[in-house]
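Report on one structure; see the data block that follows.
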Amino acid sequence: MKFKSIKGTRDILPEESRRWQFVEQSIRSVMHLFNYGEIRTPAFEETAMFSRSIGELTDIVAKEMYSFTDRGGTNLTLKPEMTASVMRAYIQNNLGEQQPLVKLYYIAPMFRQERPQAGRLRQFHQFGAEAVGGQHAAIDAEIIALACEVYSNLKIRNFVLKLNSVGCERCRPQYKQLLTRYLEKVRDRLSEDSRRRLEENPLRILDSKDEADRMLTRDAPLMKDHLCAECAAHFAELQEHLKLLGIPFGVDGRIVRGLDYYTKTAFEIISMDLGSQDALAGGGRYDLLVKELGGKDTPAVGFAAGMERLLMVMEKQKIVPPGGGHPLVFLAAADEEGRKWVIRTAMGLCRRGFACELDLLGRSLKAQMREADRQQASFVIAVGADELKRNQASIKNMRSGEQRSVDLRNLAAELAKLGDGP
RNA sequence: GUGUCCAUAGUUCAGUUUGGUUAGAACGCCAGGUUGUGGCCCUGGAGGUCGUGGGUUCAAGUCCCACUGGACACCCCA
């Protein structure tokens, strides 16, 4: 075969896209109930916009972005995540000037050049929400509740909410020193990866999957125990709000988010039914980002969640979209006269709201019946020249096998009577 | 970027260990059995550069190498 979809990208064919549409619809309905409005941003942006907001040293920026130079010499990047773009749009369109708290959601494709594996693709899809303009913990709680509600609404089971606070620009540097001092003492016994992390991002060592690392860091100091008064109060308040909302959570002092811009709240929603990449959603507060991108000092909080991973969990949990759409009417022709009538009538029935199918391959009546069966048509209307002369057609119920003659002039009414009307 | 495993009809897979006629099955597809009627059944048919390229050999789907792609894991993340 000459052309193939490129590594880490794939086609979503009709059978599967039905499931996507169902999930997307469900997400949108929850988002709208929480009064979040949809934002759609361009597929690509200036590279510098992403690298500045996500962080030059993060894996995303350092080695995963799809970047290219366009014919005008501008350096562009396919969006690897959505928050940066949403904040850029928030600033550019002066959304903060119209109302103090702006609530936005999205469902969009993202691009990262990583090695594909279970639950990870190079083009993947995220849905998420951002609430921009308030620092109150009630907003963090709403964002978390919103994420959880999407899963509950789809009847997803076996997921847990893990919560942490990563502090702010005042308390985190102090804590980082404390942690580094602790880790330096056991440096030689850390895994190779973690020794590297010690230079780049010591917080990550707490999140290591290496058994030895886990043992070594069992008594390491955690950020949540070294928050400044403001961050500690915010974290406590968030937990109270979640209890108020009846949302179960576990505090996990080892959660570290991969992007530089997070402050205070960090959370993850983990599924037990996924492989190694088990995060369904992740998010948190980012009070410094809007200013970093050139806007006013504006606090914000949000989350991003993986569509593919959600679909994977649904498959595992055997959650399927409710039964298919319209009942289908198949128009079958026995001869040339019939074919002409069928073509004309199919258009007419479509306009009246009946889903129709007909033979476009010049096949025998038997083959048309087989096709109707394959398409799971509810009814077949069959005509031939002799019937047309009498203004009659045969209508067959494909479930019961029962067949009778009807007058052509009452066709739509007859179909509607059979319970298949629009 | 690293590692392990994998690649044969549309699909799922035999065949590779031990190299040897025209590479098989099931399902699916097409047609006939029923000259105007689906499903079940019966009969027949179409469909494969054995991922690509090189090598070993009298002979390669089968052995060796490289590449490409896939699955899973690491890193990291949705």
Side-chain angles (χ1 to χ4, degrees), chain A residues 1-10 13 15 54 57-64 79-83 106-128 147 191-194 196-197 200-201 204 207-210 255-259 268-271 274-283 303-313 330 332-335 337-338 359 361 363-388 393-403 405:
Chain A
M1 193 187 313
K2 183 114 192 219
F3 296 113
K4 289 194 290 191
S5 64
I6 67 165
K7 191 201 252 299
T9 70
R10 56 192 220 88
L13 304 174
E15 196 183 343
I54 296 167
L57 293 177
T58 60
D59 279 26
I60 291 180
V61 173
K63 51 191 194 193
E64 294 170 3
K79 61 189 172 195
E81 62 108 40
M82 198 60 180
T83 302
Y106 57 84
I107 303 176
M110 307 292 157
F111 308 87
R112 294 182 201 172
Q113 189 163 1
E114 294 184 89
R115 189 84 162 250
Q117 77 182 71
R120 174 188 293 161
L121 291 165
R122 289 186 168 184
Q123 173 172 345
F124 59 106
H125 299 77
Q126 288 187 329
F127 64 93
S191 67
E192 198 185 318
D193 277 328
S194 284
R196 177 177 51 76
R197 292 185 184 111
E200 293 168 4
N201 189 350
R204 256 193 212 312
D207 205 24
S208 175
K209 286 180 188 173
D210 185 275
I255 288 181
V256 188
R257 309 256 58 242
L259 309 140
E268 284 178 3
I269 296 175
I270 307 297
S271 170
L274 288 173
S276 180
Q277 309 303 320
D278 61 356
L280 273 175
F303 79 91
M307 284 289 287
E308 282 83 358
R309 290 184 191 179
L310 171 52
L311 270 308
M312 281 171 76
V313 170
F330 194 100
D335 48 39
E337 283 303 301
D359 174 54
L361 300 175
R363 286 177 286 186
S364 68
L365 186 63
K366 181 190 175 100
Q368 294 180 58
M369 290 303 291
R370 209 165 32 233
E371 185 64 32
D373 186 58
R374 183 183 9 241
Q375 301 282 346
Q376 300 189 312
S378 306
F379 297 96
V380 170
I381 298 170
V383 294
D386 49 335
E387 269 168 319
L388 289 172
S394 304
I395 179 161
K396 179 168 188 175
N397 182 322
M398 294 295 276
R399 305 284 178 270
S400 65
E402 171 207 1
Q403 180 170 329
S405 274

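Atoms considered below: every heavy atom in the structure, side chains included; atoms not considered: hydrogens, waters and symmetry mates. In what follows, every chain begins at residue 1, and chains take the letters A, B, ... in the order their sequences are listed.
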Residues pairing under salt bridge (Lys or Arg N to Asp or Glu O under 4.0 Å) where one sits in residues 111-123 of chain A, two or more places apart or in two chains, turn out to be A:E114-A:R120
Taking the side chain from A:R309 and the backbone from A:A279, do they hold a donor-acceptor pair closer than 3.5 Å?
yes
Sugar-phosphate only, base, or nothing, as touched by A:S394 at under 4.0 Å among non-hydrogen atoms
base
Option from A:Q126, A:H125, A:M307 for which side-chain contact (heavy atoms from CB on, under 4.5 Å) with A:P109 holds:
A:H125
If you only use heavy atoms from C-beta on, which nucleotide in B:rG70, B:rA78, B:rA31 is closest to the side chain of A:K7?
B:rG70
According to a strict under-4.0 Å criterion, is A:Q117 in side-chain N/O contact with OP1 or OP2 of B:rC74?
yes
Which nucleotide, B:rA73, B:rA78, B:rC74, lies nearest any side-chain atom of A:D193?
B:rC74
Rounding to an integer number of angstrom, what distance separates B:rC13 and B:rG19 when you compare their C1' atoms?
22 Å
Between the CZ atom in A:F379 and the CZ atom in A:F330, the distance rounded to the nearest 0.5 Å is 15.5 Å
Could you check whether the side chain of A:R309 and the base of B:rC77 have a donor-acceptor pair of N or O atoms closer than 3.5 Å, going by distance alone?
yes
Mind calculating the distance between CZ (A:R363) and C1' (B:rC29) to the nearest angstrom?
11 Å
Remember a base hit wins even if backbone is also touched, and classify A:G338 as base, sugar-phosphate or nothing at under 4.0 Å, heavy atoms.
nothing
Please evaluate the base of B:rG36 for a donor-acceptor partner in the side chain of A:E387 within a cut-off of under 3.5 Å?
yes
With rounding to the nearest 0.5 Å, note down the distance linking CG in A:N201 to CZ in A:R196.
10.5 Å
When you check the phosphate oxygens OP1 and OP2 of B:rG38, does a side-chain N or O of A:K396 lie under 4.0 Å from one of them?
no
Between B:rA26 and B:rA46, how far is it from one P atom to the other, in whole Å?
15 Å
Picking from B:rC72, B:rA71, B:rA31, which would you name as closest to the side chain of A:P116?
B:rA71
Please check: side-chain N/O of A:T9 versus main-chain N/O of A:I6, any donor-acceptor pairing under 3.5 Å?
yes
Could you state the atom-to-atom distance from CG of A:D373 to P of B:rG28 in whole Å?
12 Å
Taking any heavy-atom pair under 4.0 Å as a contact, classify A:L310: base, sugar-phosphate, or nothing.
nothing
Could you tell me whether A:G128 contacts a base, only the sugar-phosphate backbone, or nothing, with contacts defined as non-hydrogen atoms closer than 4.0 Å?
nothing
Once salt bridge (Lys or Arg N to Asp or Glu O under 4.0 Å) is applied, do any residues pair with A:R197, and if so which ones, sequence neighbours excluded?
none
Hey, does the side-chain of A:K366 have a donor or acceptor N/O within less than 3.5 Å of a partner on the base of B:rG32?
no
Quickly work out the A:R112 CZ to B:rC77 P distance and round it to whole Å.
9 Å
A:R204 with A:D207: basic N within carboxylate O range, under 4.0 Å
no
Take the protein atom CG of A:L280 and the nucleotide atom P of B:rA78, then report the distance between them rounded to whole Å.
12 Å
Rounded to whole Å, how long is the line connecting atom CG of A:D386 with atom C1' of B:rU35?
14 Å
Any chance you could measure A:I270, atom CD1, to A:Q277, atom CD, to the nearest 0.5 Å?
10.5 Å
Counting only side-chain nitrogens and oxygens, does A:R399 get under 4.0 Å of the OP1 or OP2 atom of B:rG39?
no
Indicate for each nucleotide in nucleotides 1-10 of chain B, in 5' to 3' sequence, whether protein heavy atoms under 4.0 Å reach the base (B), only the sugar-phosphate (S), or nothing (-).
BBB-------
Under 3.5 Å on both distances, the Watson-Crick or G-U partner of B:rG20:
B:rC58
Applying salt bridge (Lys or Arg N to Asp or Glu O under 4.0 Å), name anything that partners A:E268, two or more places apart in sequence or on another chain.
A:R257
Rounding to an integer number of Å, can you tell me how far A:D207 CG sits from B:rC74 P?
12 Å
State, yes or no, whether a side-chain contact exists between A:I269 and A:F303 at a heavy-atom distance under 4.5 Å.
no
Sort and list the pairs that fulfil salt bridge (Lys or Arg N to Asp or Glu O under 4.0 Å) and have at least one residue in residues 363-372 of chain A, not counting sequence neighbours.
A:D359-A:R363, A:R363-A:E371, A:E371-A:R374
So, taking the atom named CG in A:L274 and the one named CG in A:L310, what distance separates them when rounded to the nearest 0.5 Å?
9.5 Å
Within the structure, does a side-chain N or O atom of A:R197 lie under 4.0 Å from either OP1 or OP2 of B:rC75?
yes
Length of the line joining A:L365:CG and B:rG36:P, which is rounded to integer Å:
8 Å
Separation between the P atoms of B:rG53 and B:rG69, rounded to whole Å
16 Å
Looking only at heavy atoms, which two atoms of A:V313 and A:S271 are closest? And how far apart?
CG2-OG, 3.5 Å
Contact class for A:G8 vs. all strands (heavy atom < 4.0 Å): base, sugar-phosphate, or nothing?
sugar-phosphate
Please state whether the phosphate of B:rA31, meaning OP1 or OP2, lies under 4.0 angstrom from any side-chain nitrogen or oxygen of A:R370.
yes
OP1 or OP2 of B:rC77 under 4.0 Å from side-chain N/O of A:R204:
yes
Nearest-Å distance once atom C1' is located in both B:rC75 and B:rG10
38 Å
Comparing A:G384 and A:Q126 on RNA chain B - which has the more 5′ nearest nucleotide
A:G384
Answer with base, sugar-phosphate or nothing: what part of the nucleic acid does A:A382 contact at a heavy-atom distance below 4.0 Å?
base
Generate the contact string for nucleotides 41-46 of chain B. Rules: B means base contact, S means sugar-phosphate contact only, - means no protein heavy atom under 4.0 Å.
------
Between B:rG51 and B:rA9 - P atom distance, rounded Å:
7 Å
Work out how far the C1' atom of B:rU22 is from that of B:rC27, and round it to whole angstrom.
25 Å
If you measure from the C1' atom in B:rA25 to the same atom in B:rG20, how many Å do you get, rounded?
23 Å
Searching all strands shown, indicate the nucleotide that pairs with B:rC29 (Watson-Crick or G-U wobble; both distances under 3.5 Å).
B:rG45
Verify the contact: side-chain N or O of A:Q277 to OP1 or OP2 of B:rC74, cut-off strictly under 4.0 Å; return yes or no.
yes
At 4.0 Å (heavy atoms only), tell me whether A:R257 reaches a base, stays on the sugar-phosphate, or touches nothing.
sugar-phosphate
Has the side chain of A:Q368 got a donor or acceptor atom sitting under 3.5 Å from an opposite partner on the base of B:rU37?
no
Atom-to-atom span, CG of A:D335 to C1' of B:rU35 - whole angstrom
13 Å
Which is more 5' along RNA chain B, the nucleotide nearest A:G275 or the one nearest A:A367? Just name the residue.
A:A367
If we take the C1' atom in both B:rU21 and B:rA60, what is their distance in whole Å?
15 Å
